[in-house]
Amino acid sequence: MDAAIAEACRRSARKHGTPLYLYDLPRLEADAAALTSAFPAPWLRLYALKANPLPKLTGRLPGLGFGATAVSAGELDLARRAGFRNASIALEGIGKTDHELWLAVEAAETPDPLLWVSLESADEAAQLAAFARLAGVAVDVLVRLNPGVQPETLGGLAVGAADSKFGVLADELPTVIEAGGGPDGPLRWRGLHLHVGSQLGAVDAWRSAFRVGLRLLSLQRAALPDFDTLDIGSGFPVAYGVDGSVPEPRRFAEAAADEVAALPADARPARLAVEPGRAIVAACGWLVGRVLHVRERVWADGLSRLIVLDTGMTELIRPALYGAEHPIVALTSHGRPAPADGPVSLARIDGPICESTDRLGTADLPPLVRDDLVAIGVAGAYGSAMSMTYNGRPRPAEVGWDGRRLTVLRRRGTEASLA
Ligand code: LLP
């Protein structure tokens with residue numbers, strides 16, 4: 001951990017208490033720039049808000065050339081609060097309600113319609129078409145395709161497998177188009193949307209899905225002249241520092257370029273889009289907690305300490321939910337900044353929640369006593385976004401660090417807000 005970030009975490013814990021999320025804003029901008037350099041225009045880069053929808057954080061992305069994907073009315077609102085224009089927001093998600101479909105129709109009635117709606121089923125196509133007909137507007141849509149590939153990731157993060165609930169199978173596509181009013185109805189059929197899974201360990205399944213998407217897109221083009229867009233979703237992994245190296249976004253972009261080059265010019269899509277979430281916000285986020293208990297234990301597996309923090313699965317559920325591993329570092333030892341080269345020993349770090357799965361992981365840590373500070377790294381994606389108030393715990397404070405100054409991005413929740 002960089003010494004300046006460690007100091008920023010200590011300062012913000014003193015000022016705002018714990019648990020607390022700290023976001024290293026220069027790192028966010030560097031990671032966004034890496035995505036842009038891998039997928040420059042004409043690629044559309046749509047930030048997946050679900051990874052971290054905090055408007056004061058994501059508000060930096062429209063200015064960096066990103067649009068957004070929103071999966072609910074709530075995310076649509078959060079996207080607009082962050083400054084994303086409708087024309088750069090795609091509405092998607094497995095379970096859109098009538099209210100959410102109607103919001104897309106309402107936007108289509110203004111000069112600033114949504115970029116597109118990604119349809120998950122024939123039912124959804126029929127409902128959106130009915131609303132669009134009622135309002136007398138046209139709505140741009142993609143169809144979410146289940147590519148039937150088995151990606152290299154944790155089981156819970158693989159959504160492109162044929163038995164997953166996401167998207168329609170290729171042979172269901174004509175039924176969806178028919179249900180949505182066909183080629184001459186109120187929906188403008190613009191192309192396909194795919195997403196094979198998150199935190200991909202290799203490029204292969206993503207490349208196969210991209211190829212499936214390209215082929216199907218060009219096959220449909222004869223009947224649907226506007227069917228010109230392939231949104232390949234995301235899956236770009238980040239290094240959690242505990243699971244070896246992962247392919248960089250550039251490797252995915254190279255695979256896509258190869259696949260496009262293999263097609264005749266007139267079969268290539270006019271628009272290509274990616275939807276990175278994790279690769280933009282994960283590495284910039286640190287979850288800072290405070291030691292509540294240190295118990296010396298002798299276990300067969302060599303562990304000698306059990307440490308309980310004031311933060312756990314309520315703020316960062318990934319370890320408990322997926323067995324995900326995050327780096328864990330001490331910010332202080334006996335109340336002083338933890339030395340980089342002092343003695344360490346293995347410890348298990350647990351949270352304070354009344355669940356035995358409430359574990360954050362294991363790490364080599366220096367001597368720790370009650371009140372020492374600990375940080376969990378690479379926590380900016382699916383951390384705060386998936387937090388909950390179980391056990392009567394208000395939301396943690398969230399703070400941005402620009403390299404010099406700390407700014408509150410969201411205040412700590414209050415106890416009164418739990419009632
Ligand atoms: N596009 C679609 C359609 C998605 O479903 C997702 C993530 C993304 C884009 C963004 O994927 P990313 O760039 O972040 O890999 N809670 C899990 C991750 C769930 C991902 C859900 N979909 C975790 O903590 O790892």
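Each residue takes its place number in the sequence, starting with 1. Both counts, for ligands and for their atoms, begin at 1 and track the order of listing. Remember, predicted model here, so these are calculated numbers, not experimental data.
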List every atom of ligand 1 that sits less than 4.0 Å from any heavy atom of [X], numbering the atoms from 1 in the order shown and giving each element.
X      : result
Ser234 : 9 (C), 10 (C), 11 (O), 12 (P), 13 (O), 15 (O)
Glu275 : 1 (N), 2 (C), 3 (C), 8 (C), 9 (C), 10 (C), 13 (O)
Glu92  : 1 (N), 2 (C), 3 (C)
Ser198 : 11 (O), 12 (P), 14 (O), 15 (O), 20 (C)
Ala48  : 8 (C), 9 (C), 10 (C)
Pro276 : 13 (O)

In this structure, which one of Leu114, Leu128, Leu119, Asn86 forms a side chain to side chain contact (heavy atoms under 4.5 Å, CB included) with Leu91?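 When Leu114, Leu128, Leu119, Asn86 are each tested with Leu91, the side chain to side chain contact (heavy atoms under 4.5 Å, CB included) holds only for Leu114.
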
Option passing side chain to side chain contact (heavy atoms under 4.5 Å, CB included) with Pro249 (candidates Ile280, Val274, Leu35):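 Answer after filtering Ile280, Val274, Leu35: Leu35.
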
Check whether NZ of the Lys or CZ of the Arg Arg221 lies under 6.0 Å from the centre of the six-membered ring of Phe227 and within 45 degrees of that ring's axis.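 That pair does not qualify as a cation-pi contact.
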
Close side-chain approach of His293 and Ile307, heavy atoms under 4.5 Å: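 The answer is no; the side chains never approach within 4.5 Å.
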
Measuring from atom 24 (O) of ligand 1, which candidate in Gln199, Arg318, Met386 has the nearest non-hydrogen atom?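 Selected option, by shortest heavy-atom distance: Arg318.
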
Of the choices Tyr382, Tyr47, Phe166, which has the non-hydrogen atom that lies closest to atom 10 (C) of ligand 1?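 Among Tyr382, Tyr47, Phe166, the closest heavy atom to atom 10 (C) of ligand 1 comes from Tyr382.
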
Under 4.0 Å, counting heavy atoms only: does Ala381 come that close to any atom of ligand 1?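 No.
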
Contact with ligand 1 for Ala279, non-hydrogen, under 4.0 angstrom: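 In this structure, Ala279 fails to qualify as a contact of ligand 1 - no heavy atom is under 4.0 Å.
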
Lys/Arg-Asp/Glu bridge criterion (N-O < 4.0 Å) met for Glu248, Arg251: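 So Glu248 does not pair with Arg251 through a salt bridge.
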
Check this for me, if you would: do Asp140 and Arg188 make a salt bridge, where the nitrogen-to-carboxylate-oxygen distance has to be below 4.0 angstrom?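 Counted as a salt bridge, because a side-chain N and a carboxylate O are separated by less than 4.0 Å.
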
Geometry only, no angles: is Gly277 polar-contacting ligand 1 at N/O separations under 3.5 Å?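 Such a contact does occur with ligand 1.
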
Pairing donors with acceptors under 3.5 angstrom, does anything connect the side chains of Ser345 and Arg305?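 The answer is yes; a qualifying pair exists.
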
For the residue pair Arg10 / Thr332, report whether a side-chain donor-acceptor contact shorter than 3.5 Å exists.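 Distance-only check fails for Thr332 and Arg10.
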
